[in-house]
Amino acid sequence: MANSTSEINFYIDLDENKVPEKLSWSAQDGGVNSEEAKAIMLSIWNSNNKESLRIDLWTKDMPVDEMKLFFHQTLVAMSDTYMRATGDEKMSETMKDFCDYFAEKLDLNKTI
C-alpha cells in the first residue's frame, strides 16, 4: 500500500514594509481553494529540540474585536485538542474554565 500525502498552502501578500495585506490558504483534500483569511496561527512541534515553533500572521486590517474572538475560539479549540491528545479531562476542563473567564473579561459573551 502506497503512502499518501496532503498539502496545505498559505499565501501571504505583503506591503512594501513586509506587513501582511492579504492572507489566503488552500487545502485540496479539504475542498479549500484560495480561501481568504484575516489571521493565521500555526504551531509546529520540533521534537529534536523539544520546543514549539510558531507562525502568527494577521492582516493590517484585521479588526481588534475579531482578533479577540479568534483568540477565544483558538483557546477553546486547543482545550478540545488537548483532551483528544492526552485524555486529561480534568486539565481540559480547567482550560475551558479559563476560556470562559477570558470571554467574560473581554465581554465576548455578547458576540459569541
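Note: Lys22 NZ to Glu36 CD = 5.5 Å, rounded to the nearest 0.5 Å. To the nearest 0.5 Å, atoms CG (Asp107) and CG (Asp65) are separated by 12.0 Å. We find the CG-CG distance between Asn33 and Asn9 to be 10.0 Å, quoted to the nearest 0.5 Å. Taking CG of Leu69 as the start and CE of Met67 as the end, the distance is 11.0 Å to the nearest 0.5 Å. Between the CG atom in Asp29 and the CD1 atom in Ile8 there is a gap of 8.5 Å [rounded to 0.5 Å]. In this structure, CZ on Phe10 lies 5.0 Å from CD1 on Ile40, to the nearest 0.5 angstrom.
Side-chain contact check for Val76 versus Gln73: every heavy-atom pair is 4.5 Å or farther apart.
Smallest separation of non-hydrogen atoms from Lys38 and Asp61: NZ-OD2, 2.8 Å. For the pair Met41 and Phe70, the tightest heavy-atom approach, listed with the atom from each and the gap, is CE-CE2, 3.2 Å. Residues Trp58 and Leu23 approach most closely at CA-CD1, 4.0 Å, considering heavy atoms. Across Asp56 and Leu42, no two heavy atoms sit closer than the pair OD1-N, 4.5 Å. When all heavy atoms of Ser79 and Ser92 are compared, the pair lying nearest together is O-OG, 3.0 Å.
A 6.0 Å sphere centred on CE of Met91 holds no more than 12 heavy atoms belonging to other residues, nucleotides or ligands. A 6.0 Å sphere centred on CE of Met78 holds no more than 12 heavy atoms belonging to other residues, nucleotides or ligands. Residue-environment remark: CG (Leu14) exceeds the threshold of 12 foreign heavy atoms within 6.0 Å.
In this structure, the side-chain contact (heavy atoms from CB on, under 4.5 Å) partners of Phe98, at least two apart in sequence or on a different chain, are Leu75, Tyr101, Phe102. Residues satisfying the side-chain contact (heavy atoms from CB on, under 4.5 Å) criterion with Glu21, sequence neighbours excluded, are Asp15, Lys60.
Tracing side-chain contacts under 4.5 Å through hydrophobic residues (I, L, V, M, F, W, Y), one never reaches Tyr82 starting from Trp45; they form parts of separate clusters.
Among pairs with a residue in residues 80-94, those fulfilling salt bridge (charged side-chain N to carboxylate O under 4.0 Å, His left out) read Asp80-Lys96, at least two apart in sequence or across chains.
At distances below 3.5 Å, at least one donor-acceptor pair connects side-chain atoms of Ser26 with backbone N or O atoms of Ser34.
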